[in-house]
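Inspection log for the structure reproduced underneath, given as structure tokens.
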Amino acid sequence: MTTRARVVPRSFYARAPDVVACELLNKVLVGPNGSGRIVEVEAYDGARDPASHAYRGLTPRNEVMFGRPGHLYVYFTYGMHWCANAVCRDEGVAAAVLLRALAPIAGVERMRAARAQARRDRDLCSGPAKLCQALGIGSTHNGADLTRRASTVHILDDGMAPPRSPAVSTRIGLSVGVDQLWRWYVATDDNISRK
DNA sequence: ACCGGGATGTTCT
DNA sequence: GAACATCCCGGTG
């Protein structure tokens with residue numbers, strides 16, 4: 001990482017989640033344990049998306065999704081896993097991008113310690129709950145401001161452009177909204193949760 | 001490689 | 001009481 005890396009500004013996030021998702025590819029997520037390049041994402045659009053946590057309106061859990069763009073929405077699922085999203089669109093409109101996989105950059109030793117089960121380094125961040133465990137992201141980071149370098153969790157642009165033609169697929173692990181092609185990933189990367 | 005089941009607890013019906 | 005934006009392990013081929 002060079003000094004030319006800068007935080008992604010709030011205006012970037014204040015757009016539709018499918019647009020934000022595509023452009024988050026190849027940006028850098030920084031967390032407590034290190035950093036990684038974002039290589040897989042999914043879009044969730046509360047207003048018209050039955051798979052979105054915000055589809056049925058505001059609740060204590062999804063409150064952050066309704067807030068300002070550029071913040072982190074962290075939720076707990078399956079009794080043991082944390083997952084992290086970048087909040088999109090204007091305040092009052094719920095939308096988010098689920099961060100699904102990273103290519104590790106810095107702090108790999110700490111990530112290995114945080115994910116002792118991982119047999120290979122490509123298993124460290126190859127899933128939405130894996131990357132949170134690897135980077136040390138949890139409930140205390142819900143609502144974190146991703147646009148501030150001082151924030152424990154933030155996102156940097158180090159100059160690498162998003163892929164011109166990312167791979168596209170349906171989203172993973174859903175029982176509704178299964179037909180939307182709202183998953184994007186860097187086709188050539190080894191750290192993808194699933195082909 | 002692929003597939004099936006269990007872990008584990010919050011959230012919402 | 002069911003569902004859940006998941007992961008891991010142990011089976012089989």
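Naming convention: chains lettered A, B, ... in sequence-line order (proteins, then strands); numbering from 1 in each chain. What you see is a predicted model; the values in this text were computed from it and never measured. Note: hydrogens, waters and symmetry copies are ignored here, and every other heavy atom, side chains too, is used.
For C:dA5, there is no paired nucleotide, since no Watson-Crick or G-U wobble pair has both relevant distances below 3.5 Å. The partner of B:dT8 is absent, by the rule that a Watson-Crick or G-U pair needs both atom distances under 3.5 Å.
When the P atom of C:dC7 is taken as reference, atom CG of A:Asn191 falls 13 Å away, rounded to whole Å. Separating the CE atom of A:Met80 from the P atom of B:dA7 is a distance of 9 Å, rounded to the nearest angstrom. For A:Gln117 and B:dG6, the CD to C1' distance is 15 Å, given to the nearest whole Å. As a whole-Å value, the separation of A:Glu40 CD from C:dA5 P is 16 Å. Put simply, CZ on A:Arg56 is 12 Å from P on C:dA3, counting in whole angstrom units. Straight-line distance from the CH2 atom of A:Trp184 to the P atom of C:dA5: 18 Å, rounded to whole Å. For the pair A:Leu58 CG and B:dT11 C1', the interatomic distance rounds to 14 Å; values are reported in whole Å. One atom, OH of A:Tyr78, and another, C1' of C:dA3, lie 8 Å apart when rounded to the nearest Å.
Contact annotation for A:Arg115: backbone-only contact, meaning every heavy-atom pair under 4.0 Å involves sugar-phosphate atoms and none involves a base. No engagement by A:Ser193 is indicated, since no non-hydrogen atom pair under 4.0 Å with the nucleic acid exists.
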List the steps and the verdict of salt bridge (Lys or Arg N to Asp or Glu O under 4.0 Å) for A:Arg100 and A:Glu42. CA-CA 7 Å; A:Arg100 286 198 55 94; A:Glu42 285 176 356; 3.7 Å; yes
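At a threshold of 4.0 Å, the pair A:Arg112-A:Asp121 counts as salt-bridged, since one of the basic side-chain nitrogens sits closer than that to a carboxylate oxygen. By the 4.0 Å N-to-carboxylate-O rule, A:Arg10 lies close enough to A:Asp145 to be salt-bridged with it. Salt bridge present: A:Glu23 and A:Arg15 bring a charged side-chain N and a carboxylate O closer than 4.0 Å.
Under 4.0 angstrom from either OP1 or OP2 of B:dT11 there lies no side-chain N or O belonging to A:Thr77. Residue A:Ser175 has a polar side-chain atom (N or O) positioned under 4.0 Å from OP1 or OP2 of C:dC4. Put simply, A:Arg100 has a side-chain N or O that comes within less than 4.0 Å of OP1 or OP2 on C:dT6. Contact between the side-chain N/O atoms of A:His53 and the OP1/OP2 oxygens of C:dA5 is found at a separation under 4.0 Å.
A:His71 and A:Tyr13 form no side-chain donor-acceptor contact under 3.5 Å, judged by distance and modelled atom types alone.
Results of the salt bridge (charged side-chain N to carboxylate O under 4.0 Å, His left out) test with A:Arg171 over A:Asp49, A:Asp18, A:Asp179, A:Asp45 single out A:Asp49 as the only residue that passes. The one candidate from A:Leu135, A:Ile38, A:Ile137, A:Asn85 that meets the side chain to side chain contact (heavy atoms under 4.5 Å, CB included) condition with A:Leu99 is A:Ile38.
Ring-base stacking between A:Tyr44 and C:dA5 is satisfied, the centre separation being under 5.5 Å and the plane angle under 30°.
The residue among A:Arg119 and A:Leu174 whose nearest nucleotide of DNA chain C is located toward the 5' end is A:Leu174.
For A:Phe76 and A:His81, the ring centers are positioned 6.0 Å apart or more.
Nearest nucleotide to the A:Cys83 side chain, out of B:dC12, B:dT10, C:dT6: C:dT6. The side chain of A:Thr59 lies closest to B:dC12, out of C:dA5, B:dC12, C:dC7.
Near DNA chain C, defined here as any heavy-atom distance below 4.0 Å, the residues from residues 123-142 of chain A are A:Gly127, A:Pro128, A:Ala129, A:Lys130, listed numerically.
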